[in-house]
K.L.:
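Quick one: structure below, then a few questions.
Protein chains get the first letters and strands the later ones, always in sequence-line order, with residue 1 at the start of each. All values below were derived from every heavy atom in this structure, side-chain atoms included, with hydrogens, water molecules and symmetry-related copies excluded.
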Number of protein chains: 2
Amino acid sequence: MKHENNLFEIDEGTCDIKVIHEESINKVKEELLDDDTYHELEETFKIFGNSTRLKILSLLAVEDLCVCDISEVLKMSQSAVSHQLRTLRSKNLVKYTKEGKQARYSLADKHVIEILKIGIEHVLE
Amino acid sequence: MKHENNLFEIDEGTCDIKVIHEESINKVKEELLDDDTYHELEETFKIFGNSTRLKILSLLAVEDLCVCDISEVLKMSQSAVSHQLRTLRSKNLVKYTKEGKQARYSLADKHVIEILKIGIEHVLE
DNA sequence: TTTATATATGAGTATATGTTCATATGTACA
DNA sequence: TGTACATATGAACATATACTCATATATAAA
């Protein structure tokens with residue numbers, strides 16, 4: 001093992017590069033979470049990574065609404081809104097109750113508002 | 001204006017639907033932020049909506065690293081990592097200093113860890 | 001039952017995104 | 001000056017996504 005100030009030569013790696021910081025690598029490796037967690041994190045943040053969904057969530061943070069209300073406020077087609085609500089439902093961020101012909105949507109997850117708030121703080125700073 | 005328990009008929013709308021909850025709509029409209037804010041929010045959350053970037057950010061939360069270290073820990077190509085670091089730089093989430101041939105990356109934004117933490121709390125609950 | 005309304009959904013399309021591959025740029029060292 | 005290394009980047013490609021359009025489903029009212 002040939003050392004040069006914190007550097008370490010390895011024979012094989014993902015890329016052709018041969019010199020790395022061994023101690024740092026061992027340290028950060030231990031702190032990495034498992035792949036499933038990162039995948040779930042990815043899925044969660046992806047939901048918030050779309051302005052239509054963000055708007056729907058902030059509307060529902062104020063008051064429960066039916067599909068038509070949302071589509072009217074956002075000036076978007078009923079279909080587009082319904083598709084996004086489906087996405088939000090599939091990730092358990094919103095829920096709904098049928099009221100006659102209508103479907104009244106509301107936030108399903110207590111973390112939604114918190115995540116929104118942190119994001120808003122960040123972009124408005 | 002014809003009222004039927006909180007409902008209101010409108011002549012024209014984005015979609016063909018005619019009956020909405022007028023009061024709710026007016027209320028939530030006022031709470032909506034402006035489009036620019038939602039667009040920025042979207043951009044921010046999109047960055048976090050990718051597991052490679054999430055992993056890079058959590059590595060850098062532990063310790064500053066060069067491209068090769070990251071590529072070694074994540075078992076990903078140097079090119080893929082470099083492209084993602086470029087994305088992270090363009091959004092001002094990481095910064096770097098040149099050290100000889102290497103580039104030592106670190107977190108640039110104080111909010112990164114906070115957003116990560118909230119997300120992890122959410123998915124691990 | 002017929003008609004209108006409210007929502008859901010499948011298919012199609014345009015755009016965005018993440019990776020690979022090849023190569024360029026820049027630095028250190030012989 | 002030439003060679004090896006560390007990183008950056010453009011192009012290409014495959015996949016994911018967000019919308020539109022058409023239509024299905026479900027409920028209420030006539």
K.L.:
Choosing from C/dT5, C/dT27, C/dA8, which nucleotide comes nearest the side chain of A/A103?
P.N.:
C/dA8

K.L.:
In whole Å, I'd like the distance from the CG atom of A/L85 to the P atom of D/dC19.
P.N.:
12 Å

K.L.:
Which whole-number value in Å describes the distance from B/I70 CD1 to D/dA6 P?
P.N.:
14 Å

K.L.:
In whole Å, what is the span from the CD atom of B/E42 to the P atom of C/dT15?
P.N.:
16 Å

K.L.:
May I have all residue pairs that pass salt bridge (Lys or Arg N to Asp or Glu O under 4.0 Å) and include part of residues 81-97 of chain B, sequence neighbours excluded?
P.N.:
B/E43-B/K91

K.L.:
Is the side chain of B/D69 donor-acceptor paired with the backbone N or O of A/H21 at a distance under 3.5 Å, no angle test?
P.N.:
yes

K.L.:
How long is the line joining CD of B/E72 and P of D/dC5, in whole Å?
P.N.:
16 Å

K.L.:
Give the B/S/- string for nucleotides 17-23 of chain C, one per nucleotide from 5' to 3', where a protein heavy atom under 4.0 Å of the base yields B, of only the sugar-phosphate yields S, and otherwise -.
P.N.:
SSSBBB-

K.L.:
Of all the nucleotides listed (C/dA8, D/dG10, C/dT27), which has the minimum atom distance to the side chain of B/R86?
P.N.:
D/dG10

K.L.:
Let me have the donor-acceptor pairs involving side chains of residues 117-125 of chain B, under 3.5 Å, with sequence neighbours excluded, atom names and distances please.
P.N.:
{"unit_1": "B/H122", "atom_1": "ND1", "unit_2": "A/H111", "atom_2": "ND1", "d": "2.9"}

K.L.:
Quick one: side chain to side chain donor-acceptor pair (under 3.5 Å) partners of A/K29, sequence neighbours excluded?
P.N.:
none

K.L.:
Among residues at least two apart in sequence or on other chains, which ones pass ring pair (Phe, Tyr, Trp, His ring centres under 6.0 Å) with A/Y96?
P.N.:
A/Y105

K.L.:
Could you check which of D/dA6, C/dA8, D/dA8 has an atom nearest any side-chain atom of B/Q102?
P.N.:
D/dA6

K.L.:
Between side-chain atoms of residues 35-42 of chain A and protein atoms elsewhere (two or more places apart, or another chain), which donor-acceptor pairs fall under 3.5 Å?
P.N.:
{"unit_1": "A/D35", "atom_1": "OD1", "unit_2": "B/K55", "atom_2": "NZ", "d": "3.0"}
{"unit_1": "A/T37", "atom_1": "OG1", "unit_2": "A/D34", "atom_2": "OD1", "d": "3.0"}
{"unit_1": "A/Y38", "atom_1": "OH", "unit_2": "A/L33", "atom_2": "N", "d": "3.4"}
{"unit_1": "A/Y38", "atom_1": "OH", "unit_2": "B/S58", "atom_2": "OG", "d": "2.8"}
{"unit_1": "A/E42", "atom_1": "OE1", "unit_2": "B/S51", "atom_2": "N", "d": "2.6"}
{"unit_1": "A/E42", "atom_1": "OE1", "unit_2": "B/S51", "atom_2": "OG", "d": "2.8"}
{"unit_1": "A/E42", "atom_1": "OE2", "unit_2": "A/K46", "atom_2": "NZ", "d": "3.0"}

K.L.:
Starting the side chain at C-beta, find the nucleotide from C/dA8, D/dA6, C/dA6 nearest to A/K101.
P.N.:
C/dA6

K.L.:
What is the distance, rounded to the nearest whole Å, between atom CG of B/D69 and atom P of D/dC5?
P.N.:
16 Å

K.L.:
In whole angstroms, how far is the P atom of D/dA8 from the CZ atom of B/R104?
P.N.:
14 Å

K.L.:
Counting only side-chain N and O atoms of B/Y105, is one of them less than 4.0 Å from OP1 or OP2 of D/dA6?
P.N.:
no

K.L.:
So does A/T87 get a backbone contact from the side chain of A/S90, meaning a donor-acceptor N/O pair under 3.5 Å?
P.N.:
yes

